[in-house]
Amino acid sequence: MISSENTATEIRSTLWRKVAAGGILVAGVLLVTLLYVLGLSNKSATERDYIEYWAAGQLLDRGANPYDVGGIFRLEKAMGLEKNSPKVSFSPPLILLLAWPLGHLDAKTGLIFWNLASLGCLAASVGILWLLHNRPDSRVHLIGLGFPPALACLMAGQLGLFFLLEFLLFLYFHKTRPWLAGASMVLFALKPHLFLLCAVILLLWSAVRKDFRVLSGFVVGLAAAFAISLFLDPHGWMQYRQMMDSTRVVDLYLPTVGVTMRFLVARHVRWIEFLPEILGGVWAVWYYWSRRERWDWTNHGLLLILVSVACAPYSWYPDQTVLLPAILLGLYRAGKSLPLLGLFVLIAGAGLVAVIAQIQLPSPFYVWTAPAWLVWYLLAVRRSRFHHANADLLTC
């Protein structure tokens with residue numbers, strides 16, 4: 001009888017905790033929404049890259065070319081853009097799936113929904129990371145809420161937080177629901193250069209295992225997204241190509257290792273910027289092949305994404321948001337190592353200062369950041385292996 005009463009009390013206590021947590025979540029969302037309503041304006045939207053998706057959505061809703069640079073510029077100017085050049089999305093027409101809903105909203109309202117969606121992706125990502133690490137009692141995973149690239153992504157209104165959630169959904173479902181894991185990566189097609197090395201190894205991994213369910217889910221999801229983009233704008237791909245040819249994005253400076261090498265060595269020799277990607281591809285194939293019998297995406301895949309982003313010829317600081325799973329694992333591996341924790345604080349702190357100071361994303365300042373995270377992760381993993389080896393010796 002006492003046991004039954006205790007069980008009923010525990011059930012009620014658990015229920016009330018869930019109700020309280022839900023109430024706090026709803027209150028938090030309402031508070032953030034209120035702050036956005038009071039603090040944002042149409043001009044605020046023009047200060048973020050979000051405005052390029054909103055402008056494309058507006059043109060799409062009017063039956064116009066969503067990649068019309070002149071039309072985009074006029075819309076952005078009307079919202080208060082102060083710069084003398086428009087903000088244009090270089091993402092392929094799959095971006096229309098995200099831009100189309102924005103075409104039915106004014107710039108400020110669209111920005112509020114975009115920010116709330118981004119915050120939702122960040123919160124969900126932190127929750128999935130907690131689950132992937134077997135629900136630890138520590139609060140290390142909460143560092144993700146203040147991860148500088150994620151904050152930069154929120155401030156810039158970019159896509160990095162959507163990519164982060166997709167990557168974590170893949171890690172979470174690839175063993176139990178491979179079709180869903182594959183379909184969850186569809187938005188990666190918006191910036192395939194960031195995930196190229198991961199894509200190559202995913203193909204190899206699937207072929208070696210003779211299990212193509214993850215790839216099939218991705219292909220089906222991509223085909224559906226492609227079909228929807230054609231429905232929204234049958235001429236979208238041709239318009240996108242014309243825009244890319246006219247804007248000459250390849251002539252822009254990007255704070256990546258490859259582009260910096262090209263600008264320093266021979267600015268007009270374009271193949272130089274792809275050298276890191278080529279070398280990274282060779283390494284990735286070797287790295288997977290030497291571990292193919294014990295390959296684990298939740299472990300080996302994290303180093304792979306670090307190298308993929310560090311070698312990418314086209315990326316921005318907010319794109320490094322997808323590195324959060326690797327950085328969190330590195331923190332768990334670092335333990336209480338003061339040198340490693342100090343180095344983490346230096347790298348993260350420098351990024352945070354850049355975000356607060358609003359250093360422009362094309363600045364050469366950001367060139368070192370992705371390689372720095374890669375080096376830090378390798379040091380953290382090496383420390384972990386060293387301590388495990390010592391523990392094994394002591395046990396023997």
Side-chain angles (χ1 to χ4, degrees), residues 45-105 107 110-111 114 153 156-160 162-163 186-196 222-223 225-256 258-259 262-263 267-268 270-271 273-274 277 312-319 360-362:
T46 67
E47 298 167 354
R48 295 164 168 82
D49 290 342
Y50 146 85
I51 195 64
E52 62 198 33
Y53 310 124
W54 175 85
Q58 293 290 313
L59 291 172
L60 183 65
D61 186 56
R62 301 171 189 181
N65 175 8
Y67 289 105
D68 177 13
V69 176
I72 289 172
F73 193 32
R74 286 190 291 274
L75 282 170
E76 293 175 351
K77 274 292 187 181
M79 293 300 105
L81 181 69
E82 295 180 348
K83 294 183 178 180
N84 295 321
S85 59
K87 292 187 176 184
V88 182
S89 171
F90 297 126
S91 298
L94 296 180
I95 193 63
L96 298 181
L97 277 70
L98 298 178
W100 178 76
L102 300 176
H104 300 79
L105 303 170
L111 178 59
W114 185 273
C153 189
Q158 289 198 4
L159 300 167
F162 296 98
F163 295 149
V186 168
L187 289 184
F188 286 178
L190 293 173
K191 288 192 175 183
H193 43 275
L194 284 178
F195 310 99
L196 183 58
L222 185 62
F226 185 82
I228 295 173
S229 72
L230 285 178
F231 174 77
L232 293 173
D233 184 5
H235 306 292
W237 289 91
M238 180 179 67
Q239 294 162 345
Y240 171 66
R241 180 178 178 180
Q242 291 172 347
M243 183 274 294
M244 292 295 285
D245 289 340
S246 63
T247 53
R248 299 294 298 169
V249 64
V250 293
D251 294 328
L252 300 176
Y253 173 77
L254 303 170
T256 66
V259 173
R262 174 167 70 84
F263 270 66
R267 183 168 181 169
H268 300 292
R270 304 202 182 283
W271 61 264
E273 68 186 61
F274 297 100
E277 191 85 280
Y314 181 100
S315 71
W316 304 101
Y317 185 63
D319 293 329
Q360 296 299 305
L361 293 180

*Short question: side chain of Glu76, backbone of Lys87 - any donor-acceptor pair under 3.5 Å?*
yes

_If you define the side chain from C-beta out and look only at heavy atoms, does anything of Trp316 sit under 4.5 Å from Pro362?_
yes

*Are Met243 and Phe90 side-chain neighbours, meaning at least one heavy-atom pair lies under 4.5 Å?*
yes

_Side-chain touch Leu230/Trp237, heavy atoms, less than 4.5 angstrom_ = yes

*Walk me through it: do Phe231 and Trp100 pass the test ring-ring contact (aromatic ring centres under 6.0 Å, His included)?*
CA-CA 11 Å; Phe231 174 77; Trp100 178 76; 8.9 Å; no

*Would you please classify the geometry between the Tyr50 ring and the Trp114 ring as parallel, tilted or perpendicular, with 30° and 60° separating the classes?*
tilted

*Indicate the atoms forming the closest heavy-atom contact of Val259 with Glu273, along with that distance.*
N-CB, 3.8 Å

*If you round to the nearest 0.5 Å, how far is CZ of Arg262 from CZ of Phe274?*
8.5 Å

*Show your working on side chain to side chain contact (heavy atoms under 4.5 Å, CB included) between Leu187 and Leu97 and close with a plain yes or no.*
CA-CA 10 Å; Leu187 289 184; Leu97 277 70; 6.0 Å; no

_How about NZ on Lys77, more than 12 heavy atoms from neighbouring residues, nucleotides or ligands closer than 6.0 Å, or not?_
yes

*List in chain and number order the residues that pass salt bridge (charged side-chain N to carboxylate O under 4.0 Å, His left out) with Glu47, two or more places apart in sequence or in another chain; answer none if no residue qualifies.*
Lys43

_Atom pair OG/CG of Ser89 and Leu98 - distance to nearest 0.5 Å_ = 9.5 Å

*Asp319 CG to Lys191 NZ distance, which is reported to the nearest 0.5 Å*: 3.5 Å

*Compare all side-chain heavy atoms of Leu81 with those of Ile51 and state whether any distance is below 4.5 angstrom.*
no

_Side chain to side chain, Ile95 and Tyr67, heavy atoms closer than 4.5 Å_ = yes

*How long is the gap from OH on Tyr240 to OG on Ser229, to the nearest 0.5 Å?*
12.0 Å

*Do side-chain atoms of Thr256 reach the backbone of Pro313 as a donor and acceptor pair under 3.5 angstrom?*
yes

*asked:* For a 4.5 angstrom cut-off between non-hydrogen side-chain atoms, does Leu96 reach Pro66?
replied: yes

*Quick check: does any side chain N or O of Gln58 sit under 3.5 Å from a backbone N or O of Leu105, one acting as donor and the other as acceptor?*
yes

*Is any side-chain heavy atom of Glu52 less than 4.5 Å from a side-chain heavy atom of Ile72?*
no

*Validation row: Tyr317, Gln158 side chains within 4.5 angstrom (heavy atoms)*: no

*Which value, rounded to the nearest 0.5 Å, describes the distance between Phe73 atom CZ and Asp68 atom CG?*
12.5 Å

*Look up atom CG in Leu94 and atom CZ in Phe188, then write down how far apart they are to the nearest 0.5 Å.*
13.5 Å

*asked:* Does atom NE2 (His235) have a neighbourhood of more than 12 heavy atoms from anything else shown, all under 6.0 Å?
replied: no

